[in-house]
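One structure is given below, encoded as structure tokens.
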Amino acid sequence: MPLSYPAPPRLASGLSRQQLIRLTVLVVLAIAMLLVGTAHAGTTGTEFTPLYTMLTGWMTGYLGRIVAAIFIIVGLIAGITQGSVMGFATGIAAGVGMFLAPNIIDGTVTATLPVMVIVGG
């Protein structure tokens, strides 16, 4: 006859002890994230500034335009050979994504939240 083990005990909330511990850790982490005062993203030293400037110059300059055009041409060829528009759409998305990536990165890393002023009345 197989041995049967009793079910793990449940707390008054209906959660097991392990579930309660996980929930507590999750709540503590959420509260800690809400209490963080400032973010220090994008505030590192300037040692990588020349490299970043060079790469963004390439991506938004004529090299980036050429690579974006190549993405679109390859996507068009892939779309024609497969008989589908998805290759062309992927080529356009890759080209536009590469061309706009520096602006997206700058906007994300240097994003700030406005200070909300509450006027008492």
Side-chain angles (χ1 to χ4, degrees):
M1 184 150 96
L3 295 173
S4 64
Y5 296 102
R10 299 258 177 201
L11 301 174
S13 63
L15 299 174
S16 69
R17 183 176 182 87
Q18 187 176 15
Q19 289 173 331
L20 185 62
I21 290 172
R22 287 181 182 169
L23 181 63
T24 304
V25 168
L26 183 66
V27 169
V28 168
L29 287 175
I31 291 172
M33 289 172 59
L34 290 174
L35 294 178
V36 173
T38 59
H40 298 288
T43 59
T44 62
T46 59
E47 60 270 7
F48 294 110
T49 302
L51 176 64
Y52 183 72
T53 304
M54 180 183 65
L55 290 176
T56 56
W58 285 353
M59 290 175 74
T60 58
Y62 286 109
L63 178 64
R65 292 176 188 189
I66 291 169
V67 172
I70 290 171
F71 275 139
I72 292 171
I73 291 169
V74 169
L76 179 64
I77 292 170
I80 291 172
T81 58
Q82 294 176 357
S84 171
V85 179
M86 289 308 296
F88 179 65
T90 304
I92 287 182
V96 170
M98 192 201 82
F99 189 73
L100 294 177
N103 294 332
I104 294 170
I105 292 169
D106 286 339
T108 303
V109 173
T110 60
T112 58
L113 294 175
V115 176
M116 186 168 74
V117 178
I118 300 174
V119 178

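Under the 4.5 Å side-chain heavy-atom criterion for ILVMFWY residues, a single connected hydrophobic cluster contains both Trp58 and Leu51. Residues Val96 and Ile105 do not share a hydrophobic cluster, defined by chaining ILVMFWY side chains whose heavy atoms lie under 4.5 Å apart.
Here the shortest heavy-atom pairing between Met59 and Met98 reads CE-O, 3.1 Å.
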What donor-acceptor contacts under 3.5 angstrom involve side-chain atoms of residues 61-83, with partners at least two apart or in another chain?
from: Thr81; atom 1: OG1; to: Ile77; atom 2: O; distance (Å): 3.2
from: Thr81; atom 1: OG1; to: Ala78; atom 2: O; distance (Å): 3.0

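Between atom OG1 of residue Thr56 and atom CG of residue Asp106 there is a gap of 7.0 Å, rounded to the nearest 0.5 Å.
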